[in-house]
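Read the structure below first, then the notes.
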Amino acid sequence: MAIMFDHHQWGVAFGILGNIISFLVYLAPVPTFYRIYRKKSTESFQSLPYLVALFSSMLWFYYALVKQNAFLLVTINCFGCVIETIYIILFITYAPKGSRNSTVKLFVSMNVGVFSLILLLTHFLATDSTRILILGWICVAVSVSVFAAPLSIVAQVIRTKSVEFMPFILSFFLTLSAIMWFAYGLFQKDICVALPNIVGFLLGLTQMLLYVIYKNANKVIIEEKKLPEAQLKSIVVLSNLGASEVYPVDIHPDDADTTDVNQGPKENHQETDQRNPKSLEVPSGLQLQQHNDNNNTDDGCAVAV
């Protein structure tokens, strides 16, 4: 009895930790959806992981209600149903027409149609002794799908060598959550809870390894593309700040336009000097004094041109 009591205590402890970490897992996509809201576009993000996560939360919530004495499963999956529904609504709001239509169709067929079918079949056709077992293995299959749903993003990461659309925070907390719920299922002797989280741990670890491998690849590509522009900018800055008589440079045909622009003010200055040759011979102070004497001004103001 003491050993069983200890097992129950450990199960409750890991269940509470699983609730806390799973709560953070459900909140992990908040930066993603804030980005979607700010840009008013879903960009290359996909709705499939959130639809599958909602479907999984609905099934686990139903499983916990049928099994009874699984309050820790009820609390976290109830929250999951609410937050995943909010995510899907935001995605549908800002998704382009094609992605919006496919998301709505998948939501109606899977989250409404398939779940309703499972609910009716297990409630009316299965007996009390087999209902929990059937629901448990259905939840195992769906949970594996939840962990495998980001594999489409993993394929995109490998193909594009960019982790922009695979948030590391989500992968990290999914891995921690899998560890906690595996321990909960182990101490509660619930194989339906423990088994899928083994797969979840392995897939989450794979995603984090891919993030470490490709996190700098996108930066390198961007720097390589911007390198010619950076060199050109340096050349332009030097040519604008330097004076030709101090820093002579070789002028190429491609630089004709730039040379004309830089020489424009100098040519205008030379034309002005040719039209008014005497202005260079007479000091400016004498010109102003002569101008004031001729106009007999008493206001003490002079306009310099």
Exercise for the section: For the residue pair Ser102 and Ser99, confirm or rule out a side-chain donor-acceptor distance under 3.5 Å. Expected result: no

Atom [atom1] in [X], atom [atom2] in [Y]: separation rounded to 0.5 Å?
X: Phe124; Y: Leu121; atom1: CZ; atom2: CG; answer: 10.0 Å
X: Ile198; Y: Ile179; atom1: CD1; atom2: CD1; answer: 12.0 Å
X: Leu27; Y: Ser22; atom1: CG; atom2: OG; answer: 11.0 Å
X: Ile88; Y: Leu54; atom1: CD1; atom2: CG; answer: 4.5 Å
X: Tyr184; Y: Leu72; atom1: OH; atom2: CG; answer: 5.5 Å

Taking the side chain as C-beta and beyond, is there a heavy-atom pair between [X] and [Y] under 4.5 Å?
X: Ile158; Y: Leu210; value: yes
X: Val114; Y: Ser109; value: no
X: Trp60; Y: Leu65; value: no
X: Ile76; Y: Tyr26; value: yes
X: Asn19; Y: Trp181; value: yes
X: Ile118; Y: Leu135; value: yes
X: Lys67; Y: Asp190; value: yes
X: Gln207; Y: Phe172; value: no

Handout entry: Worked verdict on Met208 versus Thr175 for side chain to side chain contact (heavy atoms under 4.5 Å, CB included)
Key = CA-CA 9 Å; Met208 290 192 294; Thr175 306; 3.7 Å; yes

On a heavy-atom basis, which atom in [X] and which in [Y] lie closest, and how many Å separate them?
X: Pro196; Y: Cys192; value: CD-O, 3.2 Å
X: Phe61; Y: Val74; value: CE1-CG1, 3.6 Å
X: Pro31; Y: Ala28; value: CD-O, 3.0 Å
X: Ser177; Y: Val25; value: CB-CG2, 4.0 Å
X: Ser47; Y: Phe91; value: CB-CE2, 3.4 Å
X: Ile21; Y: Met180; value: CD1-CG, 3.5 Å

Problem - Ring centroid separation Phe187 to Phe14 under 6.0 Å - result: yes

Problem - Sub-6.0 Å ring centroid separation between Phe79 and Phe23 - result: yes

Do any N or O atoms from the side chain of [X] and from the backbone of [Y] form a donor-acceptor pair under 3.5 angstrom?
X: Thr206; Y: Leu202; value: yes
X: Asn197; Y: Val193; value: yes
X: Thr130; Y: Ala126; value: no
X: Asn111; Y: Leu51; value: yes
X: Arg131; Y: His123; value: yes

Exercise for the section: Could you label the plane-to-plane angle of the Phe55 and Phe115 rings as parallel, tilted or perpendicular, counting under 30° as parallel and over 60° as perpendicular? Expected result: perpendicular

Exercise for the section: Name the orientation class of the two ring planes belonging to Tyr87 and Phe33 (parallel below 30°, tilted from 30 to 60°, perpendicular beyond 60°). Expected result: parallel

Let me check something: do [X] and [Y] share a hydrophobic cluster, defined by ILVMFWY side-chain heavy atoms less than 4.5 Å apart, either directly or through other members?
X: Leu133; Y: Val66; result: no
X: Leu106; Y: Val142; result: yes
X: Val52; Y: Val108; result: yes
X: Phe182; Y: Leu24; result: no
X: Val140; Y: Ile132; result: no

Practice task
Let me see the working for Val104 and Phe107 under side chain to side chain contact (heavy atoms under 4.5 Å, CB included), right down to the final yes or no.
Solution key: CA-CA 5 Å; Val104 172; Phe107 174 81; 5.6 Å; no

Practice task
Go through Tyr62 and Thr122 one step at a time and tell me if the side chain to side chain donor-acceptor pair (under 3.5 Å) criterion holds.
Solution key: CA-CA 11 Å; Tyr62 179 40; Thr122 55; 3.2 Å; yes

Exercise for the section: Tell me, please, whether Tyr37 has Lys40 positioned over its six-membered ring: NZ or CZ under 6.0 Å from the ring centre and within 45 degrees of its axis? Expected result: yes

